[in-house]
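We're numbering straight along the sequence, starting at 1.
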Amino acid sequence: MNIRRRFLNTIFCVLSTLPFALAESTQITLEENVSDSDNTVFAKTGDAELRPTETKEIVLCGHPDYPPVSWAEEGKIVGLAPAIVKQIFQHLDYKVDAKAVGNWKRCLRELELGRVDLAVAYRTQERENLFDFSHEAVIDDPMAIFVNRDHAFPFESWSDLLGKTTGLMLGDSVGNSFDNFLADNLVIERVSKASQNFGKLGRGHIDFIPYGLHAGNLLIQQFGLSDRIVALPNLAITNQYYLAVSRKSDLNQYLDLIDAELQKMHKSGDVKRLTDRYIQIYSAKNL
């Protein structure tokens, strides 16, 4: 009789502690879920189950010195390029991470390696061998010849540049035909940053810089060189910026969508409004 009573008491004690053990186990499981990475979103299904859902992300890089198209600021790329990419992909629930990865040459290399999905760039023969491009242009880019005011020269055609020394940035292109002309007929000095390039021009160390008219005017204002550097009246060429997609990115499936959305944005005036907005934003940095 005593043996039976002790056996029943033991069973009772085990059963009485079971709810606390289950509760403790559930608490540990929930804490492990909550302590997962910040990029994981948990959606509740039913009363107790938590299931992770992945966030889609686009990584974009850009030219660090080409306002209003793009410029580097506090480790990010800001300007027209990331704004347009965000608008194109907003209905697909993508998050856009616009990274400043270094100079323009480094950005193009990251795009080639697939560490970056997108960039806004000129279409050149070399780049078309590496990337897929939108058919629709993002924006026209009229290119001016920037010179030192004290050493200005007449410019009517490319032949007026023969025998001169020009400055370009690493990775820069001025369009297929103008690239070839400069490479065949001039001395080209390349640097990593726009401040270095325009600084050399201001000191008279090079003869001219071919640069986007809007970007160049904004930069010489930013660098405090407006009294020493000016754009010659005649343009050298007008190029176009396109969306370049890494061939290692799954965003290639959206090239038709990209073209359709760019067409809509041009027709609605959104591209023009965004361009004017980022010209104002960059100009305000000097105030």
Side-chain angles (χ1 to χ4, degrees), residues 61-84 98-108 119-122 138-153 155 161 164-175 178-179 182 188-241 274-287:
C61 68
H63 200 302
D65 290 304
Y66 218 92
V69 175
S70 62
W71 69 90
E73 189 171 285
E74 298 181 353
K76 294 291 185 181
I77 288 294
V78 297
L80 176 67
I84 282 181
K99 289 184 176 181
V101 298
N103 61 41
W104 182 224
K105 184 176 181 179
R106 174 66 182 276
C107 172
L108 294 175
V120 172
Y122 288 176
V138 174
I139 188 175
D140 287 343
D141 188 32
M143 181 161 290
I145 300 297
F146 288 87
V147 299
N148 187 303
R149 288 180 182 271
D150 295 334
H151 305 288
F153 53 85
F155 175 68
L161 305 174
K164 299 187 183 299
T165 298
T166 187
L168 295 175
M169 293 171 62
L170 294 171
D172 265 2
S173 168
V174 288
F178 202 19
D179 281 341
L182 296 181
I188 301 174
E189 296 183 5
R190 291 187 182 268
V191 295
S192 183
K193 297 179 179 179
S195 57
Q196 297 169 326
N197 210 22
F198 282 94
K200 289 172 66 176
L201 183 61
R203 294 188 295 273
H205 293 172
I206 54 177
D207 296 313
F208 72 95
I209 296 173
Y211 218 74
L213 178 62
H214 301 306
N217 282 330
L218 288 169
L219 287 174
I220 60 176
Q221 182 184 5
Q222 173 73 11
F223 299 149
L225 294 172
S226 299
D227 60 334
R228 281 188 277 172
I229 296 176
V230 65
L232 295 177
N234 294 320
L235 296 173
I237 192 172
T238 296
N239 293 307
Q240 288 78 36
Y241 269 105
L274 285 170
T275 302
D276 292 343
R277 176 188 175 193
Y278 283 103
I279 288 175
Q280 293 175 356
I281 289 173
Y282 195 86
S283 298
K285 289 160 60 70
N286 302 306
L287 300 180

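- The shortest distance between side-chain heavy atoms of Ile84 and Val120 does not fall below 4.5 Å.
- Interatomic distance, CG of Leu274 versus CD1 of Ile279, reported as 11.0 Å (0.5 Å rounding).
- Around atom NZ of Lys193, no more than 12 heavy atoms belonging to other residues, nucleotides or ligands sit under 6.0 Å away.
- Tyr241 pairs by the side chain to side chain donor-acceptor pair (under 3.5 Å) definition with nothing, not counting sequence neighbours.
- Across every non-hydrogen atom of Ala236 and Phe178, the tightest pair is CB-CE2, 3.7 Å.
- Pairs of residues two or more places apart, or lying in two chains, that qualify as side-chain hydrogen bond (donor to acceptor under 3.5 Å, both in side chains) and include a residue from residues 194-219 are Glu189-Lys200.
- Atoms CG and CG, on Leu213 and Leu232 in that order, are 11.0 Å from each other to the nearest 0.5 Å.
- Side-chain contact check for Ile281 versus Trp71: some heavy-atom pair is nearer than 4.5 Å.
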(request) Go through Tyr282 and Leu219 one step at a time and tell me if the side chain to side chain contact (heavy atoms under 4.5 Å, CB included) criterion holds. (result) CA-CA 9 Å; Tyr282 195 86; Leu219 287 174; 3.4 Å; yes
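- When each of Leu201, Ile206, Ile188 is paired with Thr166, the side-chain contact (heavy atoms from CB on, under 4.5 Å) condition holds for Ile188 and for no other.
- Here the straight-line distance linking atom CD1 of Ile139 with atom CD of Gln240 works out to 10.5 Å at 0.5 Å rounding.
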(request) Check step by step if side chain to side chain contact (heavy atoms under 4.5 Å, CB included) holds for Leu161 and Ile145. (result) CA-CA 10 Å; Leu161 305 174; Ile145 300 297; 4.3 Å; yes
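- The local environment of NZ in Lys105 is sparse, with at most 12 non-hydrogen atoms from other residues, nucleotides or ligands closer than 6.0 Å.
- Without hydrogens or angle criteria, Arg149 side chain to Ser226 main chain gives a donor-acceptor distance under 3.5 Å.
- For Ser70 (side chain) and Gly79 (main-chain N/O), no donor-acceptor pair under 3.5 Å exists by modelled atom type.
- Closest non-hydrogen pair, Gly202 versus Arg228, comes out as O-NH1, 3.8 Å.
- Here the CG atom belonging to Asp179 is positioned 8.0 Å from the CG atom belonging to Leu168, to the nearest 0.5 angstrom.
- A distance of 8.5 Å separates CG in Leu108 from NE2 in His63, rounded to the nearest 0.5 Å.
- Ring pair Phe223/Phe198 is tilted by interplanar angle, where 30° to 60° counts as tilted.
- One distance of note links CG of Leu235 with CD1 of Ile237; it measures 10.5 Å at 0.5 Å rounding.
- A heavy-atom distance below 4.5 Å is found between the side chains of Tyr66 and Asp141.
- With hydrogens and angles disregarded, a donor-acceptor distance shorter than 3.5 Å links the side chain of Asn234 to the backbone of Phe155.
- The two residues Cys107 and Gly62 come nearest to each other via the heavy atoms SG-N, 3.4 Å.
- The two atoms that bring Thr238 and Pro142 nearest to each other are OG1-CA, 3.8 Å, heavy atoms only.
- Taking both residues in full, the closest heavy atoms of Ala231 and Ala144 are given as CB-CB, 4.0 Å, listed atom of the first, atom of the second, then distance.
- When only modelled atom types and interatomic distance are considered, Asn103 and Ser192 share a side-chain donor-acceptor pair under 3.5 Å.
- For the pair Met169/Trp104, no side-chain contact is recorded, criterion being any heavy-atom separation below 4.5 Å from C-beta on.
- Counting heavy atoms from C-beta outward, Leu218 and Tyr278 have side chains that stay 4.5 Å or more apart.
- Proximity of Asn239 to Ser173: side-chain heavy atoms (C-beta onward) are nowhere separated by under 4.5 Å.
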